[in-house]
**Student:** 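Here it is, the structure, as C-alpha cells.
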Amino acid sequence: MKKNKDKRVLRVELDDEVKKVSITGIGSDEKVVMKQELGEEELEQAAGGFPFSPGPCPADGACPRVLP
C-alpha cells in the first residue's frame with residue numbers, strides 16, 4: 001500500500017496575548033496521529049520575532065515582513 005506524503009499548510013494568526021498553543025491531529029480512524037504544544041518561546045521563534053506579512057514570497061525569496 002502506498003503511503004500518502006502530501007502535506008497541507010495551516011496558517012494561524014495569534015494575538016500577542018496568546019502564550020501557549022496546543023495542536024492535535026486526528027486521523028480518519030479518530031486516533032491522535034500528531035500532538036504539538038508551543039509555549040511563548042516557541043511561538044516567538046515560529047513568528048521570527050515579527051508579525052508575518054501573509055502575502056506570497058517573491059521569486060527572489062525575500063519574503064516581506066510587517067515591522068512593529
Side-chain angles (χ1 to χ4, degrees):
M1 176 165 50
K2 183 180 175 186
K3 189 170 184 176
N4 183 356
K5 297 198 183 236
D6 292 340
K7 305 290 181 195
R8 292 181 279 182
V9 174
L10 174 66
R11 189 172 293 161
V12 179
E13 292 185 28
L14 303 171
D15 188 279
D16 285 343
E17 296 299 314
V18 175
K19 303 298 179 196
K20 187 176 184 181
V21 173
S22 296
I23 302 167
T24 304
I26 307 292
S28 59
D29 57 358
E30 296 298 316
K31 292 184 180 178
V32 174
V33 295
M34 179 212 94
K35 187 166 188 163
Q36 181 72 47
E37 191 169 282
L38 302 174
E40 190 170 4
E41 187 175 313
E42 291 91 359
L43 289 172
E44 281 298 317
Q45 288 176 351
F50 297 100
F52 181 71
S53 176
C57 294
D60 66 2
C63 293
R65 292 194 179 267
V66 177
L67 299 176

**Student:** Throw together a table of side-chain donor-acceptor distances under 3.5 angstrom for residues 24-37, partners on residues two or more places apart or in other chains.
**Tutor:**
residue : atom : partner : partner atom : Å
Asp29   : OD1  : Lys31   : N            : 3.3
Glu37   : OE1  : Ser22   : OG           : 3.4
Glu37   : OE2  : Lys20   : NZ           : 3.3

**Student:** Give the cluster check for Ile23 versus Val9: same hydrophobic cluster or not, with ILVMFWY residues linked at side-chain heavy-atom distances below 4.5 Å.
**Tutor:**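 No, because Ile23 and Val9 fall into different hydrophobic clusters, even though each may have its own neighbours under 4.5 Å.
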
**Student:** With sequence neighbours excluded, tell me which residues meet salt bridge (Lys or Arg N to Asp or Glu O under 4.0 Å) with Glu40.
**Tutor:**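 Result, salt bridge (Lys or Arg N to Asp or Glu O under 4.0 Å) vs Glu40: Lys19.
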
**Student:** Between Glu42 (side chain) and Gly39 (backbone), is there a donor-acceptor pair under 3.5 Å?
**Tutor:**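 Confirmed, Glu42 side chain pairs with Gly39 backbone.
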
